[in-house]
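Count residues from 1 along the sequence.
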Amino acid sequence: MPNQSANKSAHDLDNLSVNEISALNNIDANKIILGKINGVHGLKGYVKIFSETRPRDAITQYKSLYVLLKKEWSLIKVIECKVQSKNIIGLFEGYADINIAEQLIGATLAISQAQLPKLQEDEFFWRDLIGMAVQNTQGISFGIVKAMMETGANDVLICHDEISERLVPFTKGAAIISVDMHNKLIIVDWDADF
C-alpha cells in the first residue's frame with residue numbers, strides 16, 4: 001500500500017501541519033523541519049514561530065533558515081530570533097514590515113543537515129533513533145522506535161511491535177545498554193512485561 005502522505009501534491013504542502021510535512025520524505029531529504037510561522041507580531045515585521053525543537057528555544061540559535069513558501073525552499077537570513085514571554089518571535093531579512101511579513105504566515109522553517117550542531121560521543125538526535133530496532137538483553141524484540149517523548153526527568157523511547165507498545169526510558173547506563181547506529185539496533189535492560 002502506498003504511503004498516503006507521499007501522494008499529496010506539492011500544491012497541498014502549504015496547508016500541511018509541521019508533523020505532516022516532517023513525514024514527507026520526498027520534499028527534500030537534506031532539510032530538517034524545525035517549525036512553522038503561525039502569525040505576525042507587531043508592525044515591524046516580526047513573526048510568531050511555532051517551534052518543534054527540543055528545547056523549544058533551540059530554533060533561536062540559527063543565523064539562517066530555509067523557508068518553504070509556494071512549494072519552494074528559500075534560504076533567508078535571521079535578523080533576530082528570541083523568546084518573548086510565551087512566544088518565539090523572529091525577524092527575517094527582506095520581511096521587516098508587517099505587510100510583507102504576513103506572506104510568511106503558514107511557512108515551514110527548516111535547516112540543512114550541515115547546520116546541525118556537532119554531537120558528542122553517545123549523543124543522538126531523536127530523528128536518528130526513530131526507526132531503530134529495540135531488543136532487551138534477553139534477546140526479546142520490542143519492535144521499532146516509533147517516536148520519542150519528553151518527561152522532564154528523561155526522554156522515553158516509544159517502541160511498537162505487532163501486538164504492543166512499550167515505553168522505555170532513554171537512560172544511558174541504566175535502561176539503555178547500547179545504541180548501534182551502524183546496525184540500527186538499541187539494546188535495553190528492560191523487562192518485556194513492562
Side-chain angles (χ1 to χ4, degrees), residues 17-38 46-69 72-84 86-95 104 107-135 142 144-159 167-190:
S17 73
V18 171
N19 290 334
E20 289 171 315
I21 289 175
S22 296
L24 295 174
N25 294 326
N26 62 345
I27 294 176
D28 186 337
N30 187 40
K31 300 290 185 294
I32 299 157
I33 307 299
L34 298 185
K36 193 169 188 173
I37 296 174
N38 59 5
Y46 283 87
V47 293
K48 295 178 186 177
I49 298 171
F50 177 78
S51 175
E52 289 281 346
T53 63
R54 299 293 179 263
R56 187 175 71 92
D57 64 348
I59 197 169
T60 64
Q61 72 184 356
Y62 296 98
K63 302 298 181 207
S64 61
L65 293 168
Y66 285 91
V67 177
L68 182 63
L69 274 176
E72 296 286 329
W73 286 109
S74 300
L75 184 64
I76 61 173
K77 182 178 177 187
V78 177
I79 296 172
E80 184 177 15
C81 194
K82 63 184 180 181
V83 176
Q84 183 170 328
K86 294 181 180 181
N87 296 311
I88 294 177
I89 62 169
L91 181 64
F92 301 107
E93 187 173 88
Y95 294 90
L104 295 173
T108 298
L109 299 172
I111 58 170
S112 69
Q113 298 272 351
Q115 289 176 278
L116 286 172
K118 300 292 183 228
L119 296 178
Q120 300 295 320
E121 189 174 329
D122 285 339
E123 285 186 327
F124 309 96
F125 291 113
W126 279 14
R127 66 186 201 91
D128 295 332
L129 298 173
I130 294 171
M132 292 183 73
V134 179
Q135 72 180 36
F142 284 20
I144 64 168
V145 178
K146 289 289 187 179
M148 298 286 296
M149 176 175 58
E150 274 184 295
T151 65
N154 52 266
D155 298 332
V156 174
L157 300 171
I158 302 174
C159 308
L167 304 179
V168 180
F170 195 79
T171 51
K172 292 181 267 178
I176 304 299
I177 303 301
S178 66
V179 177
D180 183 344
M181 296 301 290
H182 179 71
N183 292 310
K184 301 289 186 193
L185 178 65
I186 301 171
I187 303 294
V188 298
D189 186 8
W190 200 249

Query raised in the report: To the nearest 0.5 Å, how far apart are OG1 in T171 and CH2 in W190?
Result: 7.0 Å

Query raised in the report: So, for F125 and P117, which heavy atoms are closest and what is the spacing to 0.1 Å?
Result: CZ-O, 3.5 Å

Report summary line: In terms of heavy-atom contacts, V83 and R56 come closest through CG1-NH2, 4.4 Å

Report task. Looking only at non-hydrogen atoms, find the nearest pair between V67 and A107 and report the distance. Result -> CG1-CB, 3.5 Å

Report summary line: Given the options I37, I88, L34, N38, F50 meets side-chain contact (heavy atoms from CB on, under 4.5 Å) only with N38

Query - Heavy-atom side-chain contact between V188 and F142 under 4.5 Å - result: yes

Query raised in the report: Can you check whether S64's main-chain N or O pairs, donor with acceptor, with Q115's side chain at less than 3.5 Å?
Result: yes

Requested in this report: Output the distance between atom CG (L68) and atom CG (L104), rounded to the nearest 0.5 Å.
Outcome: 11.5 Å

Requested in this report: Could you pull out the closest heavy-atom pair between C81 and I49, with the gap in Å?
Outcome: SG-CD1, 3.9 Å

Query - Taking every non-hydrogen atom, the tightest pair across P169 and A175 - result: O-CB, 3.4 Å

Query raised in the report: Does any N or O in the side chain of K31 come within less than 3.5 Å of the main-chain N or O of Y66, such that one atom is a donor and the other an acceptor?
Result: no

Report summary line: When rounded to the nearest 0.5 Å, the distance separating CE of M132 from CE of M181 is 5.0 Å

Requested in this report: Indicate yes or no: at least one non-hydrogen side-chain atom of L65 is less than 4.5 angstrom from one of F92.
Outcome: yes

Report summary line: Residues N154 and F170: closest non-hydrogen pair is ND2-N, 4.0 Å

Requested in this report: For atom NZ of K77, decide whether the heavy atoms of other residues, nucleotides or ligands shown that lie under 6.0 angstrom number more than 12.
Outcome: no

**Report entry** L91 side, atom CG; K82 side, atom NZ - distance, nearest 0.5 Å
**Finding:** 9.5 Å

Requested in this report: Enter the distance from W126:CH2 to M149:CE here, rounded to the nearest 0.5 Å.
Outcome: 9.0 Å

Query - Separation between CZ of F124 and CE of M148, rounded to the nearest 0.5 Å - result: 10.5 Å

Query raised in the report: Is a side-chain N or O of S178 found less than 3.5 angstrom from the main chain of D180, in a donor-acceptor match?
Result: no

